[in-house]
Participant: 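Here it is: the structure, laid out below.
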Amino acid sequence: MRRVVVTGMGAITPIGLDVESFWNGLKEKKIGFGEITHFDASEYKAKLAAEVKGFVGKDYMDFKAAKRMELFCQYAVAAAKEALEQSGLDMEQEDPYRVGCSIGSGIGSLQAVEREHTKLLEKGPNRVNPLLVPMMISNMAAGNVSIQFGLKGKSLNVVTACATGTHSIGEAYRSIQTNDADVMVAGGTEAAVTPIGIAGFAALTALSSSTDPERCSIPFDRDRDGFVMGEGAGIVVLEELEHAKRRGAKILAEVVGYGATSDAYHITSPAEDGMGAAKAMEYAVAEAGVDKSEILYINAHGTSTHHNDLFETRAIKQAFGDHAYKMKINSTKSMIGHLLGAAGAVEVIACIKSLQEGYLHATAGLEHPDEELDLDYIQGEGVEMPIQYALSNSLGFGGHNASILLKKYEG
């Protein structure tokens with residue numbers, strides 16, 4: 001199997017429109033929560049979201065291109081631009097059929113659906129935008145990124161709800177390992193802070209009803225009452241190690257393990273014993289060929305829902321046994337909310353920065369850990385701690401589990 005490294009990262013998040021702003025925000029415990037501004041949410045059960053602020057699509061791409069792209073695609077293109085620029089990849093020097101794309105979105109464009117459905121009801125079927133379908137469907141993030149940057153290799157759109165970003169990176173990693181590609185631009189994107197998006201998740205009782213930005217997304221806390229919808233994109237450039245070395249790329253981290261399983265249990269609840277998620281973690285660690293005792297940090301899925309936080313904690317204990325009590329665990333969602341299909345990808349970026357800087361951010365807002373949630377979730381302040389490995393978990397509706405293991409690159 002070929003070794004796979006990360007050579008670029010890009011992020012559009014509720015606490016920053018690039019990787020450094022996002023990472024500095026995490027270190028400062030900056031929260032991205034506030035009253036919903038994308039629409040009038042006064043009648044909705046959930047009043048808060050983690051919206052992206054100050055984003056202008058034409059700052060990242062041609063105005064005409066931006067106009068033909070829905071927001072989730074614009075976020076993906078913007079994050080991919082940052083990642084590719086950092087990687088230093090020169091497409092004129094590459095075989096474009098060896099550079100692929102694996103970018104997923106859990107939902108696609110609800111905005112396009114809402115807008116054109118209103119038009120359908122008010123003005124009839126002949127007034128629906130001819131571009132509705134290509135603007136709406138979730139694969140268009142991968143499509144638009146490929147078009148914008150000339151990526152002619154394998155192009156994938158993994159859709160596994162909240163595990164989408166992690167699966168997208170994992171499948172890109174597999175594609176390079178097995179020689180389907182030399183480079184993959186991979187990650188996830190989402191822009192679902194819309195009336196139907198918020199109403200739907202609220203009807204499912206998945207969203208927090210808190211009106212206090214400081215106490216709305218509080219993973220592992222006994223007072224948690226659901227997640228807060230976030231939006232944005234996370235993109236990484238994955239590259240075969242020798243390919244990266246040949247062109248003198250700066251290597252940010254190595255991907256050394258990927259585990260994916262299904263709970264085969266329930267459409268929204270994780271398995272109560274956590275075995276599906278535990279197996280995904282075990283597979284990722286086993287692939288890397290390292291002892292479980294060497295894994296000291298997990299970036300948890302940590303959504304702030306009762307079931308996820310409890311069952312993920314059980315999964316970590318199932319996978320690591322007594323060693324679980326020696327590990328540091330945090331939830332990036334405590335500051336940026338749940339980015340759905342983009343969540344895992346943005347969290348992989350947080351893991352890479354943690355490996356580079358030897359710093360693990362706090363789980364913001366965690367004040368009173370729930371009784372059974374007795375692991376070290378980095379309450380209070382972040383910790384300076386050199387680590388060799390970072391494990392990132394994502395669990396999606398439908399029982400999808402994905403874990404990615406990253407290693408500090410040392411040449």
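These numbers come from the heavy atoms of this one structure, side chains and all, not from hydrogens, waters or symmetry mates. All residue numbers in this chain count up from 1 along the given sequence.
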Participant: Would you call the rings of Phe220 and Tyr377 parallel, tilted or perpendicular, where under 30° means parallel and over 60° means perpendicular?
Facilitator: parallel

Participant: Filter on salt bridge (Lys or Arg N to Asp or Glu O under 4.0 Å), then keep only pairs touching residues 10-21, sequence neighbours left out; what's left?
Facilitator: Glu20-Lys353

Participant: Name every donor-acceptor pair, under 3.5 Å, that has one atom in a side chain of residues 145-154 and the other anywhere in the protein, sequence neighbours excluded.
Facilitator:
| residue | atom | partner | partner atom | Å |
| --- | --- | --- | --- | --- |
| Ser146 | OG | Ala142 | O | 2.9 |
| Lys154 | NZ | Ser175 | OG | 3.0 |
| Lys154 | NZ | Asp180 | OD2 | 2.8 |

Participant: Going by the rule side-chain contact (heavy atoms from CB on, under 4.5 Å), which residues pair with Lys250 if we only count those two or more places apart in sequence or in a different chain?
Facilitator: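 With sequence neighbours excluded, Lys250 shows a side-chain contact (heavy atoms from CB on, under 4.5 Å) to Leu252, given in chain and number order.
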
Participant: Under the side-chain hydrogen bond (donor to acceptor under 3.5 Å, both in side chains) rule, collect the residues that match up with Glu272, sequence neighbours excluded.
Facilitator: Tyr265

Participant: Under the rule for side-chain contact (heavy atoms from CB on, under 4.5 Å), what residues qualify as partners of Thr164, not counting sequence neighbours?
Facilitator: Thr160, Ser168

Participant: What salt bridge (Lys or Arg N to Asp or Glu O under 4.0 Å) pairs are there with at least one residue in residues 202-211, not counting sequence neighbours?
Facilitator: none

Participant: Which pairs count as side-chain hydrogen bond (donor to acceptor under 3.5 Å, both in side chains) when at least one residue sits in residues 230-239, sequence neighbours excluded?
Facilitator: Thr7-Glu239, His38-Glu231, Tyr75-Glu231, Glu239-His243, Glu239-Arg247

Participant: Over 60° means perpendicular and under 30° means parallel, so tell me whether Phe55 and Tyr60 are parallel, tilted or perpendicular.
Facilitator: parallel

Participant: Quick one: do Glu242 and Arg3 make a salt bridge, cutoff under 4.0 Å?
Facilitator: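 So Glu242 does not pair with Arg3 through a salt bridge.
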
Participant: List for me each residue that meets side-chain contact (heavy atoms from CB on, under 4.5 Å) alongside Ala50, sequence neighbours excluded, and say none if there are none.
Facilitator: Pro14, Phe33

Participant: List the residues meeting side-chain hydrogen bond (donor to acceptor under 3.5 Å, both in side chains) with Ser354, not counting sequence neighbours, and say none if there are none.
Facilitator: none

Participant: With a 4.0 Å cut-off on N to O distance, would you call Asp370 and Arg222 a salt bridge?
Facilitator: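 The answer is no: the pair does not qualify as a salt bridge.
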
Participant: Could you work out, with side-chain contact (heavy atoms from CB on, under 4.5 Å) as the rule, every residue matching Asp223, not counting sequence neighbours?
Facilitator: Arg215, Ile218, Asp221, His368

Participant: Donor-acceptor pairs under 3.5 angstrom involving side-chain atoms of residues 274-282: please list them, not counting sequence neighbours.
Facilitator:
none

Participant: Only counting residues at least two apart or in another chain, list the ones meeting side-chain hydrogen bond (donor to acceptor under 3.5 Å, both in side chains) with Thr189.
Facilitator: none

